[in-house]
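Only one structure is covered here, and it is reproduced in the block below.
Hydrogens, waters and symmetry mates are skipped; everything else that's a heavy atom, side chains included, is used.
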Amino acid sequence: MKINFKKGKGLVPAIIQDDQTNKVLMLGYMNEETYQKTIETKLVTFYSRSRDEVWTKGETSGNYLHLVSISEDCDGDTLLLRVNPDGPVCHTGDDTCFGQENPDFSNFLQELEKIIADRRKNPSSSSYTNKLFEKGIAKIAQKVGEEATEVVIEAMRNNQDLLKEEISDLIYHLLVLMNDQGVSLNDINLVLKNRHSK
């Protein structure tokens with residue numbers, strides 16, 4: 001569908017959404033020039049109604065919005081841009097222009113994997129992770145089995161709060177088991193990717 005810039009006197013609203021967290025970050029306006037520039041540069045560019053000028057978000061602050069995708073609504077008069085932000089989006093320093101936090105936990109599993117590896121490399125007597133490693137694979141595997149059972153139980157009870165807790169426990173213990181067995185998240189990603197492509 002072609003975007004109808006005439007409907008809004010040359011401007012269309014552009015909703016900006018974080019591609020990783022799905023959080024709505026801000027609302028701006030685009031004309032044909034800024035729309036084309038955004039597509040060409042992959043940096044989100046708006047038309048400022050108050051300053052009556054074209055501006056690329058981040059050109060002053062360094063907090064650019066890197067375009068991932070752009071689509072229009074059913075009437076062709078509103079845009080949705082999915083982006084990867086370099087930092088806080090609002091000029092006030094907030095993560096979003098709506099005063100909401102926009103934490104990115106997308107890579108936390110990788111961070112947790114590194115923490116577990118570090119615990120094994122630099123043991124601490126007070127670390128639960130180290131106690132698991134000391135007890136060996138039999139205990140680690142037992143914990144994975146126990147947590148998997150708890151996940152099933154809470155799913156059958158339809159208790160989402162406890163289900164989240166038990167899934168978190170299961171994933172943590174799986175990561176410990178993976179480290180013990182020399183298996184990484186990248187290994188698992190590769191297996192899943194190969195299965196998906198078949």
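- A continuous path of ILVMFWY side-chain contacts below 4.5 Å connects Tyr29 to Phe98, so both sit in one hydrophobic cluster.
- More than 12 non-hydrogen atoms from other residues, nucleotides or ligands lie less than 6.0 angstrom from CD of Gln181.
- Connection of Val183 to Ile115 is not established within any shared hydrophobic cluster, with ILVMFWY side chains joined at heavy-atom distances below 4.5 Å, either directly or through further cluster members.
- With hydrophobic clusters built from ILVMFWY side chains whose heavy atoms lie under 4.5 angstrom apart, Ile39 shares a cluster with Leu65.
- With Glu147 contributing its side chain and Ile171 its backbone, the two residues share no donor-acceptor pair below 3.5 Å.
- Without hydrogens or angle criteria, Asp94 side chain to Cys97 main chain gives no donor-acceptor distance under 3.5 Å.
- Trp55 and Phe46 have tilted rings, their planes meeting at an angle from 30° to 60° on a 0 to 90° scale.
- Looking only at atom types and distance, the side chain of Glu146 has a donor-acceptor partner in the side chain of Gln142 under 3.5 Å away.
- Using a 4.0 Å cut-off between charged nitrogen and carboxylate oxygen, Glu33 and Lys37 do not count as a salt-bridge pair.
- Two residues are said to be in side-chain contact when any heavy atoms from C-beta on lie closer than 4.5 Å; Glu113 and Ser184 meet this criterion.
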### Query
Taking it one step at a time, do Tyr128 and Phe133 satisfy side chain to side chain contact (heavy atoms under 4.5 Å, CB included)?
CA-CA 9 Å; Tyr128 173 72; Phe133 281 129; over 6 Å; no
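- Here the closest heavy-atom approach between residue Leu177 and residue Ala141 is recorded as CD1-CA, 3.9 Å.
- The minimum heavy-atom distance between Lys23 and Glu101, with the atom names listed, is CE-O, 3.3 Å.
- The backbone N or O of Leu162 lies less than 3.5 Å from no partner atom in the side chain of Glu154, so there is not a single donor-acceptor pair.
- The CG atom of Leu11 sits 9.0 Å away from atom CZ of Phe5, with the distance rounded to the nearest 0.5 Å.
- For His173 against Val144, the heavy-atom pair with the smallest separation is O-CG2, 3.6 Å.
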### Message
Let's go through Lys114 and Glu111 carefully: what are the C-alpha distance in whole Å and the side-chain angles of both, what is the deciding distance for salt bridge (charged side-chain N to carboxylate O under 4.0 Å, His left out) to 0.1 Å, and is it a yes or a no?
### Response
CA-CA 5 Å; Lys114 290 176 184 176; Glu111 289 182 40; over 6 Å; no
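- Nearest heavy-atom pair across Ile15 and Thr78 is CD1-CG2, 4.0 Å.
- Looking at heavy atoms from C-beta onward, Thr56 lies out of side-chain contact with Thr41 at the 4.5 angstrom threshold.
- For the pair Tyr35/Val12, no side-chain contact is recorded, criterion being any heavy-atom separation below 4.5 Å from C-beta on.
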### Task
Tell me, with the steps shown, if Lys7 and Asp77 meet salt bridge (charged side-chain N to carboxylate O under 4.0 Å, His left out).
CA-CA 7 Å; Lys7 194 172 182 179; Asp77 58 7; 2.8 Å; yes
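- Looking at heavy atoms from C-beta onward, Val44 lies in side-chain contact with Leu81 at the 4.5 angstrom threshold.
- The two residues Tyr64 and Lys57 have their closest heavy-atom pair at CD2-O, 3.2 Å.
- At least one side-chain heavy atom of Leu170 sits under 4.5 Å from a side-chain heavy atom of Leu174.
- Side-chain contact between Leu25 and Gln17 is absent, with no heavy atoms from C-beta onward closer than 4.5 Å.
- Counting non-hydrogen atoms of neighbouring residues, nucleotides and ligands closer than 6.0 angstrom, the NE2 atom of His66 exceeds 12 such neighbours.
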### Task
May I have the step-by-step check of salt bridge (charged side-chain N to carboxylate O under 4.0 Å, His left out) for Glu134 and Lys131, ending in yes or no?
CA-CA 5 Å; Glu134 287 169 6; Lys131 290 175 183 175; over 6 Å; no
### Message
Pair Asn194, Leu190 - check side chain to side chain contact (heavy atoms under 4.5 Å, CB included), show working.
### Response
CA-CA 6 Å; Asn194 288 338; Leu190 184 60; 3.8 Å; yes
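- Going from atom CD of Glu150 over to atom CD1 of Ile153 covers 4.5 Å, rounded to the nearest 0.5 Å.
- Panel note: side chain Asp18, backbone Gln20; a donor-acceptor pair is recorded below 3.5 Å.
- In this structure, CE in Met156 is found 12.0 Å from CG in Leu163, a value given to the nearest 0.5 Å.
- Heavy-atom minimum distance, Val24 versus Gln100: O-OE1, 4.5 Å.
- Heavy atoms from other residues, nucleotides or ligands lying under 6.0 Å from CZ of Arg49 number 12 at most.
- Separating the CD1 atom in Ile70 from the CZ atom in Arg82 is a distance of 13.0 Å, to the nearest 0.5 Å.
- Between the side chain of Ser127 and the backbone N or O of Asn130, at least one donor-acceptor pair lies under 3.5 Å.
- Remark: side-chain polar atoms of Asn102 are not paired, donor with acceptor, to backbone N or O of Asp95 under 3.5 angstrom.
- Between the side chain of His196 and the backbone N or O of Leu192 there is no donor-acceptor pair closer than 3.5 Å.
- Here the side chains of Ile140 and Lys135 are not in contact, with every heavy-atom distance at 4.5 Å or above.
- Placement of Val176 and Leu185 within a single hydrophobic cluster is found when ILVMFWY residues are connected by side-chain heavy-atom separations under 4.5 Å, directly or transitively.
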### Derivation of the side chain to side chain contact (heavy atoms under 4.5 Å, CB included) call for Leu175 and Leu112
CA-CA 8 Å; Leu175 286 172; Leu112 183 56; 3.6 Å; yes
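- Follow the hydrophobic side-chain contacts under 4.5 Å out from Val68 and you never reach Leu80; the two are in separate clusters.
- With contacts defined as side-chain heavy-atom distances shorter than 4.5 Å, the pair Asn4/Asp75 does not qualify.
- Taking NZ of Lys121 as the start and CD1 of Ile116 as the end, the distance is 16.0 Å to the nearest 0.5 Å.
- For Arg120 (side chain) and Asn179 (main-chain N/O), a donor-acceptor pair under 3.5 Å exists by modelled atom type.
- For Ser50 (side chain) and Ser48 (main-chain N/O), no donor-acceptor pair under 3.5 Å exists by modelled atom type.
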